[in-house]
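Values reported hereafter were calculated over all heavy atoms of this structure, with side chains retained and with hydrogens, waters and symmetry mates removed.
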Amino acid sequence: EQPLTFPLISLIVSGGHTELVYMKNHLDFEVIGETRDDAVGEAYDKVARTINLPYPGGPHIDRLAAKGKDIYDFPRVWLEKDSYDFSFSGLKSAVINKLHNLRQKNIEIVAEDVATSFQNSVVEVLVGKAVSACEAYDVKHLIVAGGVASNKGLRAALNNACKDNDINLRIPSPNLCTDNAAMIGAAAYNLYVAGQFSDLNLNADPSLELPYS
């Protein structure tokens with residue numbers, strides 16, 4: 001929706017991806033961090049299922065999180081010092097185990113509080129690592145993409161953190177965050193401009209990687 005200013009850090013958050021990417025240009029980039037297990041959107045869906053929310057769970061947790069309280073103190077998984085990798089499997093297990101223990105003790109589970117506690121844990125790590133990467137790579141521009149980029153809680157936290165750290169934030173409109181066709185079209189456009197073409201033998205490949213320049 002707006003021209004990008006390079007170099008920049010890109011945070012990609014979706015059902016299949018959680019990555020931090022250092023970009024020197026559209027086709028010159030380096031993945032500096034990625035999930036070691038569950039993608040963030042996948043964790044949202046699994047946690048949503050434990051409190052009987054429909055699929056996809058992300059929008060429902062985001063909606064409930066605006067109404068609840070952070071009372072469960074779920075873990076923030078930072079991994080090793082200076083690592084930009086992510087891990088959400090342990091957080092997902094912590095939520096499942098906590099709810100299992102509460103049910104065994106017949107303690108009421110407030111879905112809004114679970115949603116708030118879970119989302120705060122996720123958002124704190126995503127925002128913290130994204131801002132840290134901007135500082136480490138000395139860039140003042142952060143872009144966010146993927147379905148989870150439509151999450152209101154994440155968007156608000158990123159806006160606040162970027163203002164506090166003098167980082168220029170760009171997040172697409174929510175309807176474009178989930179539009180895979182738009183993402184593929186944008187990638188194809190930049191390949192076209194760079195003169196990178198395939199011949200007619202190229203078959204459909206859902207895991208096709210963009211070439212590094």
Side-chain angles (χ1 to χ4, degrees), residues 1-35 38-45 47-48 56-67 76 78 84-86 88 91 115-116 118-190 210:
E1 292 178 295
Q2 297 175 338
L4 302 183
T5 302
F6 297 98
L8 59 81
I9 294 293
S10 174
L11 173 65
I12 304 169
V13 280
S14 70
H17 299 84
T18 310
E19 295 180 342
L20 279 168
V21 184
Y22 173 60
M23 298 184 66
K24 296 180 181 178
N25 213 316
H26 287 291
L27 300 178
D28 185 1
F29 54 86
E30 174 191 358
V31 177
I32 61 173
E34 56 191 341
T35 183
D38 292 350
V40 61
E42 183 182 2
Y44 265 92
D45 290 336
V47 168
H60 299 287
I61 288 184
D62 189 27
R63 174 177 52 81
L64 292 182
K67 305 175 183 177
R76 275 64 170 160
W78 296 103
Y84 299 115
D85 282 350
F86 301 93
F88 297 105
L91 170 59
T116 303
F118 168 74
Q119 179 152 296
N120 283 358
S121 176
V122 170
V123 166
E124 186 176 327
V125 173
L126 290 175
V127 173
K129 285 183 179 279
V131 170
S132 177
C134 288
E135 293 172 348
Y137 283 80
D138 194 26
V139 302
K140 288 295 183 181
H141 301 276
L142 172 67
I143 64 171
V144 189
V148 181
S150 62
N151 181 287
K152 293 179 181 178
L154 176 60
R155 293 169 81 97
L158 283 167
N159 269 303
N160 292 334
C162 287
K163 286 180 181 177
D164 291 343
N165 291 276
D166 193 27
I167 297 170
N168 184 20
L169 176 66
R170 292 284 179 265
I171 310 180
S173 300
N175 63 306
L176 291 177
C177 293
T178 55
D179 192 335
N180 287 336
M183 300 179 203
I184 294 169
Y189 171 78
N190 289 298
L210 288 175

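At distances below 3.5 Å, at least one donor-acceptor pair connects side-chain atoms of D62 with backbone N or O atoms of K152. Although no hydrogens or angles enter the test, the distance criterion places no donor-acceptor pair under 3.5 Å between the side chain of K24 and the main chain of E30. With hydrogens and angles disregarded, a donor-acceptor distance shorter than 3.5 Å links the side chain of D45 to the backbone of G57. The main-chain N or O of R76 is never found under 3.5 Å from a side-chain atom of E124 such that the two would form a donor-acceptor pair. Under the 3.5 Å distance criterion, the side-chain polar atoms of N25 are left unmatched by any main-chain donor or acceptor of L27.
A distance of 7.0 Å separates CZ of F86 from OG1 of T18, quoted to the nearest 0.5 Å. Rounding to the nearest 0.5 Å gives a distance of 5.5 Å between CD1 of I143 and CE of M23. One finds the OH atom of Y22 at 8.5 Å from the CG atom of D28 (value rounded to the nearest 0.5 Å).
Counting heavy atoms from C-beta outward, M183 and N180 have side chains that approach closer than 4.5 Å. The side-chain heavy atoms of V122 and L154, taken from C-beta on, include no pair separated by under 4.5 Å. Counting only heavy atoms from C-beta outward, the side chains of V125 and K129 approach each other to under 4.5 Å. Looking at heavy atoms from C-beta onward, L8 lies out of side-chain contact with R170 at the 4.5 angstrom threshold. Between V40 and T35 the shortest side-chain heavy-atom distance does not fall below 4.5 Å.
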Name every donor-acceptor pair, under 3.5 Å, that has one atom in a side chain of residues 133-141 and the other anywhere in the protein, sequence neighbours excluded.
from: K140; atom 1: NZ; to: N165; atom 2: O; distance (Å): 3.3
from: H141; atom 1: ND1; to: N168; atom 2: ND2; distance (Å): 3.2

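The minimum heavy-atom distance linking I61 with A48 is given by the pair CD1-N, 3.7 Å. Between G147 and S14 the shortest heavy-atom distance is N-CB, 3.9 Å. Of all heavy-atom pairs between V123 and A157, the closest is CG1-CB, 3.3 Å. The heavy-atom pair separating A149 from I171 by the smallest distance is O-CG2, 3.8 Å. Of all heavy-atom pairs between P172 and E1, the closest is CA-OE1, 3.3 Å. Among all heavy-atom pairs drawn from F88 and A39, the shortest one is CD1-C, 4.2 Å.
Proximity of the aromatic rings of H26 and F6 is defined here by a centroid distance below 6.0 angstrom, and this criterion is met. F118 and Y44 have their aromatic ring centers within a separation under 6.0 angstrom.
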